[in-house]
Novice: 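Here it is, the structure in full.
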There are 2 protein chains.
Amino acid sequence: MKSEQKPQDIEQTLISRLRDKGYKLTPQRREIIRILARDESHPGAMDILREVRKILPRISMSTVYYTLDMLKKEGFIKELEFYDTENRYDINVSDHINLVCTTCGKITDFMSDVHSFSESVEKETGFRPARMRFEYYGICRNCAGRNGR
Amino acid sequence: MKSEQKPQDIEQTLISRLRDKGYKLTPQRREIIRILARDESHPGAMDILREVRKILPRISMSTVYYTLDMLKKEGFIKELEFYDTENRYDINVSDHINLVCTTCGKITDFMSDVHSFSESVEKETGFRPARMRFEYYGICRNCAGRNGR
DNA sequence: TTCATAATCGGAATGATTCCTACTTATAGG
DNA sequence: CCTATAAGTAGGAATCATTCCGATTATGAA
């Protein structure tokens, strides 16, 4: 369920990959990356802003969006949109299913071989899948436990 | 791939179900439903407004949203959100995969037994899936053909 | 240390959606 | 057929996440 790598490793890999690509490593970026690597709840832009401001109180929302955009374009994070809440960002870019709890809002990853459909889709329809987005909305174990069953 | 029923049947079923539930059948509603039943491209609210205005030029955006909301709450349509475009509405409420063409923007339905993951998710994580959203983003047959391969 | 330019900041603009209020109309019952 | 009334509609204002813009700042290469 969890990422294979430790947060620190993810963070370091990302930073050196950005350096290689010629991006400037500002304190703002380092902090945003640190949070993305550690926060497993798939934070939104505002969550990230709040969190970064604990360290860098003057960071602006523009910078958060600018950085998220850059990371997205480089394929380091995934952006997810939902029905009734802001976009969320996921550092796990491998194909997986997101389990979205409709009670507490937490999103967890479910790794699995999710490629089984891909082939039959292409064979039957001619549509060529490039990327996917699979989600289940429901009640997580935690929330189910709390309300009896 | 296509719905099992004819557009006219879907339309009539929906209308009589609304009547049974005590909803008023205004011309605006009839027209919105007519479009949803016939338009297989999963139109957005603005598409629907434009289309309805050909018949009812004075219909407002509020009415479109109000009606879509009502249909959504009653479970007659599904609302879909995407990365870079407005919400889209789907009269196919059964579980299926949406194939989103990133070239032309068309969305088609892929019916299939998409419940295979549901059980293992619950077994392995304790998360109880209620509804799902599976999407592939890629190139549809039409667009692939146009560009050589 | 200097410099070019990418990154940051703050605020304004955007655009889909929601909300609000007054007006209109579909339906049920007389 | 008429009327009452609650539901529906229109139009515009408000909201809010996101994008855009111009001015300022600071990273990293020379």
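Side-chain atoms are counted along with the backbone in the values below, which use heavy atoms only and exclude waters and symmetry mates. Each chain gets a letter, A, B and so on, in the order the sequences are listed, and its residues count up from 1.
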Novice: Does B:Arg34 have any salt bridge (Lys or Arg N to Asp or Glu O under 4.0 Å) partners at least two apart in sequence or in another chain, and if so, which?
Specialist: B:Glu31
Novice: Hey, can you pull the residues of residues 28-36 of chain A with a non-hydrogen atom under 4.0 angstrom from DNA chain C?
Specialist: A:Gln28, A:Arg29
Novice: Which residue pairs pass the salt bridge (Lys or Arg N to Asp or Glu O under 4.0 Å) test with at least one member in residues 57-73 of chain A, sequence neighbours excluded?
Specialist: A:Asp69-A:Lys72, A:Asp69-A:Lys73, A:Lys72-A:Glu79
Novice: Using a strict heavy-atom distance below 4.0 Å, which residues from residues 47-58 of chain A are in contact with DNA chain C?
Specialist: A:Arg58
Novice: The criterion is ring pair (Phe, Tyr, Trp, His ring centres under 6.0 Å); which residues satisfy it with A:Tyr65, sequence neighbours excluded?
Specialist: none
Novice: Who are the salt bridge (Lys or Arg N to Asp or Glu O under 4.0 Å) partners of A:Asp47, not counting sequence neighbours?
Specialist: A:Arg50
Novice: For nucleotides 17-24 of chain D, just jot down a letter per nucleotide in 5' to 3' order: B, S or -, based on protein non-hydrogen atoms under 4.0 Å.
Specialist: SBBB----
Novice: Identify every side-chain donor-acceptor pair in residues 17-26 of chain B under 3.5 Å, counting partners at least two apart or on other chains, and give the distances.
Specialist:
{"from": "B:Lys21", "atom 1": "NZ", "to": "B:Glu74", "atom 2": "OE1", "distance (Å)": "2.7"}
{"from": "B:Tyr23", "atom 1": "OH", "to": "B:Glu74", "atom 2": "OE2", "distance (Å)": "2.5"}
{"from": "B:Thr26", "atom 1": "OG1", "to": "B:Arg29", "atom 2": "N", "distance (Å)": "3.2"}

Novice: The criterion is salt bridge (Lys or Arg N to Asp or Glu O under 4.0 Å); which residues satisfy it with B:Arg38, sequence neighbours excluded?
Specialist: B:Glu11
Novice: Quick one: side-chain hydrogen bond (donor to acceptor under 3.5 Å, both in side chains) partners of B:Ser120, sequence neighbours excluded?
Specialist: none
Novice: On DNA chain C, reading 5' to 3', which nucleotide is the first and which the last to sit with an atom under 4.0 Å from a heavy atom of chain A, could you check?
Specialist: C:dT5 to C:dG11
Novice: Treating a pair as Watson-Crick (purine N1 to pyrimidine N3 plus N6-O4 or O6-N4) or G-U wobble (N1-O2 and O6-N3) with both distances under 3.5 Å, list the stems of 3 or more consecutive pairs that involve DNA chain D.
Specialist: C:1-30 with D:1-30
